[in-house]
Amino acid sequence: MQTLIRRLGADTRYVLIGLPASIVGFALAVAGLAAGAGTAVLGVGLFVLAGTLLAARMAATVERNLLPDVLGRPLGAPRYRRAAAGAGPLRSALAPLTCGQSWMDAGYALVRLPVSVASFAVVATWWSAALAGLTYPVYGSVLHQIPGNTGLPELLGLGGSLAVSIGFHTGLGLLFALTLPVVVRAAAMLNASLAQAFLSPYTPAYEEPEPGRRAPADAAAPTAPAAQGGPAEAAAPAAR
């Protein structure tokens with residue numbers, strides 16, 4: 001039971017935090033990419049694009065730190081491409097433009113907003129319905145005494161008595177409460193799967209190793225054994 005409650009709390013926190021984070025990330029990504037692309041011909045736009053990609057990196061790092069609570073395992077840190085050793089300040093500043101993972105981070109900031117909005121709406125609705133239904137016996141009598149108040153059970157033809165209203169809303173809240181862990185888990189995994197697709201370490205074949213890190217050396221090719229009767233042995237009889 002404690003594991004279920006812990007899982008429900010982690011999934012709920014991940015989905016609820018994801019909405020404001022996705023709004024901020026989407027706004028920064030759209031503004032930065034649009035401004036950078038529009039002024040790229042002037043040169044300054046390249047620096048705007050590079051700064052936008054760096055901001056997307058930081059947002060992606062925060063997201064990767066949240067994912068282990070949902071996935072149960074770390075996602076892994078990518079190896080971002082950096083400028084070569086000894087590169088000048090201009091080349092170092094524009095290095096993010098040549099990093100594939102940085103563009104993937106920016107793409108994630110663009111596409112996650114609709115998923116975050118839908119997930120937030122579903123999770124908030126399920127939590128609200130479960131809490132409102134289970135606590136209806138506490139405030140239901142007050143609502144029932146309001147003149148002209150027509151409840152859902154009465155609209156459905158089940159009757160307008162207080163007992164029917166309490167039983168209906170409590171049962172509905174219990175149904176939402178029982179399905180809450182499944183619904184919240186599905187919403188959290190939907191967001192986590194999208195994050196995995198974009199934020200998993202991306203190392204294409206053309207990516208150069210980090211500056212200062214030597215590429216793994218190939219295994220030394222085994223030397224061919226000297227053939228019997230080779231030149232060394234052939235020279236021996238001649239010396240005699």
Side-chain angles (χ1 to χ4, degrees), residues 1 3-37 49 52-78 100-136 151-152 155-156 168-202:
M1 187 64 180
T3 303
L4 180 62
I5 295 176
R6 190 181 306 111
R7 170 62 62 194
L8 178 61
D11 292 343
T12 302
R13 180 176 63 252
Y14 177 70
V15 173
L16 297 184
I17 292 177
L19 179 61
S22 64
I23 293 175
V24 174
F26 180 83
L28 292 178
V30 169
L33 294 177
L49 287 175
T52 303
L53 294 181
L54 290 177
R57 282 188 191 183
M58 293 186 288
T61 301
V62 174
E63 183 72 14
R64 292 187 186 96
N65 292 332
L66 296 175
L67 282 174
D69 291 339
V70 179
L71 298 176
R73 58 177 178 80
L75 186 61
Q101 182 61 59
S102 298
W103 287 103
M104 294 291 287
D105 295 345
Y108 176 67
L110 295 176
V111 303
R112 72 175 296 196
L113 181 60
V115 178
S116 297
V117 171
S119 302
F120 182 93
V122 171
V123 170
T125 299
W126 241 260
W127 267 108
S128 301
L131 295 176
L134 294 178
T135 58
Y136 189 83
L152 183 59
L155 294 176
L156 295 176
F168 176 83
H169 287 93
T170 303
L172 191 62
L174 182 61
L175 176 63
F176 275 92
L178 292 176
T179 57
L180 182 63
V182 178
V183 172
V184 175
R185 181 61 178 170
M189 286 304 299
L190 177 62
N191 286 267
S193 299
L194 182 64
Q196 277 186 293
F198 280 85
L199 304 183
S200 294
Y202 172 74

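Only this structure's heavy atoms are used, side chains among them; waters, hydrogens and symmetry mates stay out. For this chain, numbers begin at 1 and follow the sequence in order.
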S.K.: With a 4.5 Å cut-off on side-chain heavy atoms, are Asp105 and Leu53 touching?
M.R.: no

S.K.: How long is the gap from CD1 on Ile23 to CG on Leu19, to the nearest 0.5 Å?
M.R.: 4.0 Å

S.K.: Which pair of heavy atoms, one from Ala197 and one from Met104, lies closest together, and at what distance?
M.R.: O-CE, 3.8 Å

S.K.: Hey, is the main chain of Phe176 close enough, under 3.5 Å, to the side chain of Thr179 for a donor-acceptor pair?
M.R.: yes

S.K.: Using side chain to side chain contact (heavy atoms under 4.5 Å, CB included) as the criterion, list what pairs up with Thr61, not counting sequence neighbours.
M.R.: Arg64, Asn65

S.K.: CE of Met189 to OG of Ser119: how many Å apart, nearest 0.5 Å?
M.R.: 12.0 Å

S.K.: Decide yes or no on side-chain contact (heavy atoms from CB on, under 4.5 Å) for Val111 and Leu194, but give the supporting numbers first.
M.R.: CA-CA 9 Å; Val111 303; Leu194 182 64; 4.3 Å; yes

S.K.: Apply side chain to side chain contact (heavy atoms under 4.5 Å, CB included) to Leu54 and list each qualifying residue two or more places apart in sequence or on a separate chain.
M.R.: Arg57, Pro96

S.K.: Provide the closest heavy-atom pair for Ala109 versus Ala29 in the form atom of the first, atom of the second, distance.
M.R.: CB-CB, 3.9 Å

S.K.: Under the criterion side-chain contact (heavy atoms from CB on, under 4.5 Å), I'd like the reasoning laid out for Leu71 against Gln196: C-alpha separation, chi angles, the key distance, then a yes or no.
M.R.: CA-CA 10 Å; Leu71 298 176; Gln196 277 186 293; 3.9 Å; yes

S.K.: Could you tell me which non-hydrogen atom of Asn191 sits nearest to which non-hydrogen atom of Tyr108, and how far apart they are?
M.R.: O-OH, 4.3 Å

S.K.: Check the pair Tyr14 / Asp69 against side-chain contact (heavy atoms from CB on, under 4.5 Å), numbers first and verdict last.
M.R.: CA-CA 8 Å; Tyr14 177 70; Asp69 291 339; over 6 Å; no

S.K.: List the steps, then state whether side-chain contact (heavy atoms from CB on, under 4.5 Å) holds for Thr170 with Leu174.
M.R.: CA-CA 6 Å; Thr170 303; Leu174 182 61; 5.6 Å; no

S.K.: Is Val70 close to Arg185 at the side-chain level, that is, under 4.5 Å between some pair of heavy atoms?
M.R.: yes

S.K.: Looking only at heavy atoms, what is the nearest atom pair of Ser116 and Gly18, with distance?
M.R.: OG-O, 3.9 Å

S.K.: Quick one: does Leu75's side chain get under 4.5 Å of Leu199's, heavy atoms only?
M.R.: yes

S.K.: Side chains of Ile17 and Phe120: closer than 4.5 Å at any heavy-atom pair?
M.R.: no

S.K.: Quick one, Val15 and Val122 - any side-chain contact, counting heavy atoms below 4.5 Å?
M.R.: no

S.K.: Kindly compute the distance separating OH (Tyr136) from CG (Leu131), expressed to the nearest 0.5 Å.
M.R.: 16.0 Å

S.K.: CZ/Arg7 to OG1/Thr12 distance, rounded to the nearest 0.5 angstrom?
M.R.: 11.0 Å

S.K.: Please report the closest heavy-atom contact between Leu8 and Pro181, naming both atoms and the distance.
M.R.: CD1-CA, 4.0 Å

S.K.: Does the Gln101 side chain pair with the main chain of Phe198, one donor and one acceptor, at a distance under 3.5 Å?
M.R.: yes

S.K.: Can you see which heavy atom on Ala37 is nearest to which on Leu49, and at what distance?
M.R.: N-CD2, 3.9 Å

